[in-house]
Amino acid sequence: AQTVTQSQPEMSVQEAETVTLSCTYDTSESDYYLFWYKQPPSRQMILVIRQEAYKQQNATENRFSVNFQKAAKSFSLKISDSQLGDAAMYFCAYKKGAGNMLTFGGGTRLMVKP
Amino acid sequence: DTGVSQNPRHKITKRGQNVTFRCDPISEHNRLYWYRQTLGQGPEFLTYFQNEAQLEKSRLLSDRFSAERPKGSFSTLEIQRTEQGDSAMYLCASSFEAGFSTDTQYFGPGTRLTVL
């Protein structure tokens with residue numbers, strides 16, 4: 001079974017600075033997808049960024065980028081120029097290529113200090 | 001284009017009662033998923049539908065749980081004889097899957113269930 005591990009329960013960053021959230025996963029599949037979702041307090045989960053395993057290039061979405069290390073099974077999220085609105089729970093998730101369900105990590109709570 | 005909606009947003013019930021939640025997916029999405037999220041944890045998969053067919057169920061989905069998606073549109077999740085351990089946020093998500101492509105799952109706001 002696939003597992004996703006987020007080793008940082010909480011992280012803190014100063015506004016305008018950069019922070020990196022870690023995620024590792026375990027799979028024997030070669031075709032899969034990885035996602036970072038953001039869940040603000042009492043609000044719904046929204047997609048931040050996604051990465052297809054077959055793509056070597058790291059995905060980027062504005063201030064958000066990933067460092068995808070396939071051999072190491074690592075998928076970290078970098079948030080640049082952190083803003084107060086970035087404060088939320090961040091979940092890393094895995095989906096097998098031909099599969100259906102998302103497998104989530106335990107989450108990292110990000111706090112942004114003004 | 002409206003997102004995924006869920007009703008009710010909050011439900012408080014007494015142990016032993018039955019509850020039903022509703023999810024309305026994004027209109028063109030053919031897949032619908034249910035997840036459960038307990039406090040401080042990541043969501044866990046419960047079940048999913050491809051159109052009206054329920055194709056996969058997690059072992060977390062005990063026989064007290066039943067889900068339907070009549071006509072392949074909205075879905076309902078019913079929990080019978082609720083237990084305190086059922087207290088959680090129930091999340092619905094939808095996606096469009098065709099062939100070998102994988103679309104993103106878009107989540108609703110969830111229904112928070114509290115069983116007293």
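What you see below is based on every heavy atom in this structure, not just the backbone, and it leaves out hydrogens, waters and symmetry mates.
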Is it possible for you to say whether [X] and [Y] belong to one hydrophobic cluster, with membership spreading through side-chain heavy-atom contacts below 4.5 Å?
X	Y	answer
A:Tyr94	A:Tyr33	no
B:Met89	B:Ile79	no
A:Val4	A:Met11	yes
A:Ile49	A:Tyr37	no
B:Trp34	B:Val115	yes

Inset, instruction - Could you tell me whether the side chains of B:Gln6 and A:Gln44 share a donor-acceptor contact shorter than 3.5 Å? - result: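 There is no such pair (donor and acceptor under 3.5 Å, judged by atom type) between the side chains of B:Gln6 and A:Gln44.
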Inset, instruction - State, yes or no, whether a side-chain contact exists between B:Pro109 and A:Met45 at a heavy-atom distance under 4.5 Å. - result: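 No, their side chains stay 4.5 Å or more apart.
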Inset, instruction - Could you check if a side-chain atom of A:Phe91 sits within less than 4.5 angstrom of a side-chain atom of B:Gln37, using non-hydrogen atoms only? - result: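 The answer is yes; the side chains approach within 4.5 Å.
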Legend entry - Proximity breakdown for A:Gln39 and chain B, heavy-atom pairs closer than 4.5 Å: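 Just the side chain, heavy atoms under 4.5 Å.
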Inset, instruction - With a 4.5 angstrom heavy-atom cut-off, could you sort out which part of A:Arg43 is near chain B: side chain, backbone, both or neither? - result: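 For A:Arg43, no heavy atom lies under 4.5 Å from chain B.
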Between [X] and chain A, with a heavy-atom cut-off of 4.5 Å, which part of the residue counts as in contact: side chain, backbone, both or neither?
X	value
B:Leu91	side chain
B:Glu44	neither
B:Glu56	side chain
B:Arg112	neither

Under 6.0 Å from the [atom1] atom of [X], do we count more than 12 heavy atoms belonging to anything else shown?
X	atom1	result
B:Leu39	CG	no
B:Arg15	CZ	no
B:Leu55	CG	yes

Legend entry - Point-to-point distance, once rounded to the nearest 0.5 Å, from CD1 of A:Ile46 to CZ of B:Phe107: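 Here the rounded value is 12.0 Å.
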Legend entry - Identified side-chain contact (heavy atoms from CB on, under 4.5 Å) counterpart of B:Gln105 within the set A:Asn100, A:Leu47, A:Leu102: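 With B:Gln105 as partner, A:Asn100, A:Leu47, A:Leu102 yield a single side-chain contact (heavy atoms from CB on, under 4.5 Å), made by A:Leu102.
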Legend entry - Steps toward side chain to side chain contact (heavy atoms under 4.5 Å, CB included) verdict (B:Tyr35, A:Phe104): CA-CA 11 Å; B:Tyr35 292 83; A:Phe104 286 87; 4.0 Å; yes
